[in-house]
Engineer: 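Pasting in a structure now, in structure tokens, and then I'll have a few things to ask.
Protein chains get the first letters and strands the later ones, always in sequence-line order, with residue 1 at the start of each. When reading the values below, keep in mind they use all heavy atoms of this one structure, side chains included, and skip hydrogens, waters and symmetry mates.
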Amino acid sequence: MAKEIKSRSEDYSQWYNDIVRKAQLADHSAVRGCMVIKPNGFAIWENIKAQLDKMFKETGHVNAYFPLFVPKSLFEAEEKNAEGFAKECAVVTHYRLKNDPAEKGKLMVDPDARLEEELVVRPTSEAIIWNTYRGWINSYRDLPLLINQWANVVRWEMRTRLFLRTAEFLWQEGHTAHSTKEEAIEETRKILAIYADFAENYMAMPVIKGIKSANERFAGAEDTYTIEALMQDARALQAGTSHFLGQNFAKAFDVQFLNQNNKREYVWATSWGVSTRLMGGLIMTHSDDDGLVIPPKLAPTQVVIVPIPKPNEQIGEVADKIMANLRAKGISVKFDTDKKKRPGFKFAEYEMIGIPVRIGIGMRDLEKGVVEIARRDTKEKMSVPVDGVADFVANLLDEIQDNLFQKAVKFRDEHITKADTFDEFKEIINGKGGFVHAHWDGTTETEIKIKELTKATIRCIPLDNEKEEGKCILTGKPSTQRVLFAKAY
RNA sequence: CGGGAUGUAGCGCAGUCCGGUAGCGCGUGCGCCUGGGGGGCGUGAGGUCGCAGGUUCAAAUCCUGUCUUCCCGACCA
């Protein structure tokens with residue numbers, strides 16, 4: 001059978017689309033720019049969600065749910081935020097349809113059912129949440145308020161790609177209120193650390209923690225912190241953001257509290273989010289020309305057992321025993337008893353959908369008391385005695401998780417390059433790509449100019465950045481540190 | 001939102017220029033043979049040609065409109 005996935009070297013975009021389709025992660029829908037997340041894709045998202053949710057709760061956050069619609073007057077209250085999102089908002093103007101008198105069987109918007117005030121479909125929930133918080137916060141005893149919500153949001157994007165940028169997407173958005181600036185900044189950084197921990201230790205996707213330039217900052221924030229990952233095509237992906245909002249929203253929505261000295265103060269705020277975009281990052285960090293590769297910690301099914309050539313009683317017995325042992329260790333496993341498909345076909349199919357470990361059991365193996373274990377990341381195959389399978393697989397899953405991360409780290413590190421002149425800068429951006437570590441004079445004007453000339457943007461100023469005197473690569477003006485540039489998704 | 005492509009069977013495509021009532025490969029149903037990396041032979045099923053109008057004796061094909069998807073740009077998580 002012909003290869004069904006375009007190779008990465010031939011056409012990276014097409015490869016990505018092929019993976020999403022062939023691994024049955026998502027489909028396009030009847031609605032422009034909106035996707036259907038299929039069971040294979042949603043199962044991974046559920047794992048992402050479960051782990052993050054646990055981490056949020058361990059740090060004192062609780063979940064709640066706020067409405068999809070935001071009255072326009074609330075939405076516009078925080079000016080910068082409203083301005084930032086205005087161009088991509090869906091707006092509800094009517095609340096009723098009626099039969100179209102001109103065309104039988106058709107419906108039309110009832111012109112008599114215009115809303116007095118339009119409702120904005122949330123592109124993010126700060127407005128509705130801060131309007132609500134005003135009623136919840138009275139005293140310093142009510143603080144901090146640490147709330148998260150899992151929700152869908154809508155941003156009317158011109159150009160969409162499955163998972164990476166869709167008009168509607170799923171995400172979590174945390175919205176916290178604090179009595180001091182320091183505590184809010186600490187919260188912002190704490191969440192960033194959780195995101196980085198999750199990205200690296202669960203997704204096996206190395207990230208750089210940093211702070212955004214003014215130009216790339218979230219509208220309405222004082223500071224935006226980010227985790228930036230690098231995809232296999234050497235383009236950067238913003239994988240999560242955590243915002244220190246200062247008192248902007250507290251002032252816009254008049255959220256004040258009485259401090260211990262009985263004085264009224266505005267609260268300090270944060271917001272933070274990661275979205276289904278992480279799925280895109282996961283795909284583009286690990287997958288290869290044979291299909292999806294999922295790190296074991298997020299794989300809905302970690303191990304699949306394939307009988308060779310087809311199941312019989314003896315193979316079934318061994319498979320059952322192995323499954324029981326694996327499950328006792330908390331490993332998810334599936335036994336493929338489908339008699340209609342051939343082993344070779346199953347091998348290819350499970351590689352396509354990214355199951356980390358495959359166990360092949362045939363009569364020839366059983367005569368020797370072994371099974372064949374194949375790992376998805378390296379395609380390596382090993383013979384392992386039946387009795388030791390559970391321990392072997394448990395170790396192997398850890399090893400795969402680690403190997404995926406190390407491989408990604410190596411690639412990322414090889415694609416961080418220093419540039420000291422603009423010619424060098426352009427050569428790297430247009431050549432090997434990746435992050436370019438270069439001096440910048442700190443002005444938005446220069447940043448925009450560089451973007452116009454090279455399409456590279458400032459991804460972040462790394463938190464662990466070393467201070468270093470230098471000259472801006474474009475203007476030659478003095479600079480105190482290098483920042484990371486890259487072409488980004 | 002601008003430029004360029006695209007839409008025909010589940011998937012990938014040909015047919016469109018030069019209108020005449022739809023075809024190929026893969027998949028799929030059934031049968032037999034096979035069986036340690038996407039099997040072989042045989043025999044079937046499956047499409048109001050994206051949608052809506054129009055021209056015509058006749059439209060996948062020509063015209064108009066509209067929508068989808070992809071690529072490039074602008075915008076953006």
Side-chain angles (χ1 to χ4, degrees), chain A residues 1-6 11-18 20-22 24 27-35 84-89 103 106 123-124 153-173 195 212 215-219 221 224 226-229 236-243 271-281 290-291 306-312 315 339-352 358-368 370-372 374 379 381 383 448 451-452 455 457 459 488-489:
Chain A
M1 191 195 245
K3 269 268 187 220
E4 297 186 10
I5 299 175
K6 193 79 140 186
D11 185 344
Y12 193 84
S13 292
Q14 190 56 47
W15 168 82
Y16 177 83
N17 292 336
D18 287 349
V20 172
R21 197 179 68 249
K22 290 294 174 182
Q24 295 170 56
D27 264 346
H28 293 285
S29 70
V31 189
R32 177 190 204 128
C34 294
M35 65 180 162
F85 285 110
K87 294 189 300 290
E88 43 189 329
C89 285
E103 230 179 329
K106 301 285 183 187
T124 179
V153 287
V154 170
R155 296 180 189 175
W156 214 261
E157 297 290 346
M158 287 304 162
R159 208 171 149 186
T160 59
R161 298 198 64 192
L162 294 175
F163 292 117
L164 292 171
R165 175 166 289 110
T166 46
E168 179 194 20
F169 56 91
L170 305 183
W171 75 345
Q172 59 69 216
E173 46 181 324
Y195 286 162
K212 287 288 189 186
N215 189 47
E216 296 277 330
R217 189 152 64 206
F218 176 69
T224 288
T226 178
I227 50 170
E228 297 284 328
L237 181 79
Q238 177 176 308
T241 48
S242 181
H243 314 289
S271 72
W272 27 274
V274 296
S275 71
T276 35
R277 178 179 242 202
L278 286 179
M279 294 285 296
D290 293 318
V306 178
I308 301 166
K310 57 187 174 186
N312 63 28
I315 290 174
K339 291 174 186 164
K340 291 170 204 129
K341 290 175 182 156
R342 309 162 69 78
F345 182 88
K346 291 178 180 177
F347 294 172
E349 196 165 68
Y350 289 122
E351 279 163 12
M352 191 89 83
R358 184 185 71 235
I359 301 178
I361 308 179
M363 294 311 290
R364 247 184 268 162
D365 296 310
L366 293 187
E367 280 164 23
K368 289 182 279 184
V370 300
V371 296
E372 179 189 81
K379 307 282 171 61
K381 289 194 264 198
S383 253
I448 290 172
K451 185 181 175 185
E452 277 170 12
K455 290 181 183 147
T457 49
R459 300 323 303 154
Y489 274 98

Engineer: In terms of side-chain heavy atoms of A/Lys87, which of B/C75, B/G37, B/C72 is nearest?
Structural biologist: B/C75

Engineer: Picking from B/C70, B/U69, B/G38, which would you name as closest to the side chain of A/Asn17?
Structural biologist: B/C70

Engineer: Starting at atom CG of A/Asp18, determine the distance to atom C1' of B/G12, rounded to an integer number of angstrom.
Structural biologist: 11 Å

Engineer: Below the 4.0 Å mark, does B/G39 have OP1 or OP2 next to a side-chain nitrogen or oxygen of A/Arg342?
Structural biologist: yes

Engineer: Can you tell me the distance, in whole Å, between the CG atom of A/Asp27 and the P atom of B/C70?
Structural biologist: 12 Å

Engineer: Establish, yes or no, whether the cationic atom of A/Arg358 lies under 6.0 Å from the six-membered ring centre of A/Phe347 and within 45° of the ring axis.
Structural biologist: yes

Engineer: Please determine, for B/G44, whether a Watson-Crick or G-U wobble partner exists with both distances under 3.5 Å, and give it or none.
Structural biologist: B/U28

Engineer: What pair of heavy atoms forms the shortest contact from A/Leu162 to A/Asp27, and how long is it?
Structural biologist: CD2-O, 4.0 Å

Engineer: If the P atom of B/G40 is compared with that of B/U34, how far apart are they to the nearest Å?
Structural biologist: 15 Å

Engineer: Over all strands shown, is A/Tyr489 touching base, sugar-phosphate only, or nothing at heavy-atom distances under 4.0 angstrom?
Structural biologist: nothing

Engineer: Is any side-chain N or O of A/Lys381 under 3.5 Å from a base N or O of B/G36, one able to act as donor and the other as acceptor?
Structural biologist: no

Engineer: Closest to the A/Glu372 side chain: B/G38, B/U68, B/G36?
Structural biologist: B/G36

Engineer: So if I take every side-chain heavy atom of A/Ala348 and compare against B/C71, B/G38, B/G35, which nucleotide ends up nearest?
Structural biologist: B/G38

Engineer: Pick the C1' atom in B/C30 and in B/C71, then give their distance to the nearest Å.
Structural biologist: 44 Å

Engineer: If only atom types and distance count, is the side chain of A/Arg155 paired as donor or acceptor with the main-chain N or O of A/Pro123 below 3.5 Å?
Structural biologist: yes

Engineer: Now, which nucleotide makes the Watson-Crick or G-U wobble pair with B/C17, with each of the two distances under 3.5 Å?
Structural biologist: none

Engineer: So, does the side chain of A/Arg165 form a donor-acceptor pair with the base of B/C76 at under 3.5 Å?
Structural biologist: yes

Engineer: Among the nucleotides B/C70, B/G36, B/G73, which one has an atom lying closest to any side-chain atom of A/Asp365?
Structural biologist: B/G36

Engineer: Rounding to a whole Å, what distance do you find between A/Glu157:CD and B/C75:P?
Structural biologist: 13 Å

Engineer: What's A/Gly84 touching, base or sugar-phosphate or nothing? Going by heavy atoms closer than 4.0 Å.
Structural biologist: nothing

Engineer: Distance-only, no hydrogens or angles: does the A/Thr224 side chain make a donor-acceptor pair with backbone N or O of A/Phe218 under 3.5 Å?
Structural biologist: yes

Engineer: Under 4.0 angstrom, heavy atoms only, what part of the nucleic acid is A/Leu164 near: base, sugar-phosphate, or nothing?
Structural biologist: base

Engineer: Of all the nucleotides listed (B/C11, B/G73, B/G36), which has the minimum atom distance to the side chain of A/Lys22?
Structural biologist: B/C11

Engineer: From the options B/G38, B/C70, B/C76, select the nucleotide whose nearest atom is closest to the side chain of A/Glu88.
Structural biologist: B/C76

Engineer: When you compare B/G54 with B/C49, how far apart are their P atoms, in angstrom units rounded to a whole number?
Structural biologist: 16 Å

